[in-house]
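The structure appears below as structure tokens.
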Amino acid sequence: MQAKQTKLKDLEDKKDALLMQLKSGQLTLDQYKSAIGNIPTQIKKLRADIDKATSVSFDDLDDEVI
């Protein structure tokens, strides 16, 4: 799980850096789109994986606990 969190942080940092370059005019919109690639999709998947791994459903609990 730690590896996924590290990868998520790295991808978010890269996305933020690219966004700052776009906002400052260092990149055009086309250059940004090319550089960002599928990073947003990867971020969404990692967040979902982490959320799923950290959430506890009632099915996971023993009957004695409920």
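What you see below is based on every heavy atom in this structure, not just the backbone, and it leaves out hydrogens, waters and symmetry mates.
Here the OG1-CD distance, from Thr28 to Gln21, works out to 11.0 Å after rounding to the nearest 0.5 Å. One distance of note links CD1 of Ile43 with CG of Asp10; it measures 10.5 Å at 0.5 Å rounding. To the nearest 0.5 Å, atoms OH (Tyr32) and CG (Leu18) are separated by 6.5 Å. Distance check: Ser34 OG to Leu27 CG gives 9.5 Å after rounding to the nearest 0.5 Å. A distance of 5.0 Å separates CD of Gln5 from CD1 of Ile50, quoted to the nearest 0.5 Å.
Listed by first and then second residue, the salt bridge (Lys or Arg N to Asp or Glu O under 4.0 Å) pairs that reach into residues 14-33 come to none, sequence neighbours excluded. For residues 38-48, every residue pair satisfying the salt bridge (Lys or Arg N to Asp or Glu O under 4.0 Å) rule, not counting sequence neighbours, is listed here: Glu12-Arg47, Lys45-Asp49.
Cluster annotation: Ile36 is not connected to Met20 through the hydrophobic network of ILVMFWY side chains, with a link wherever side-chain heavy atoms come within less than 4.5 Å.
When all heavy atoms of Leu46 and Leu11 are compared, the closest pair comes out as CD1-CD1, 3.7 Å.
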(message) Could you go through Leu8 and Gln42, starting from their C-alpha distance and side-chain angles, then the distance that decides it, and tell me whether this counts as side chain to side chain contact (heavy atoms under 4.5 Å, CB included)?
(response) CA-CA 8 Å; Leu8 176 61; Gln42 291 178 32; over 6 Å; no

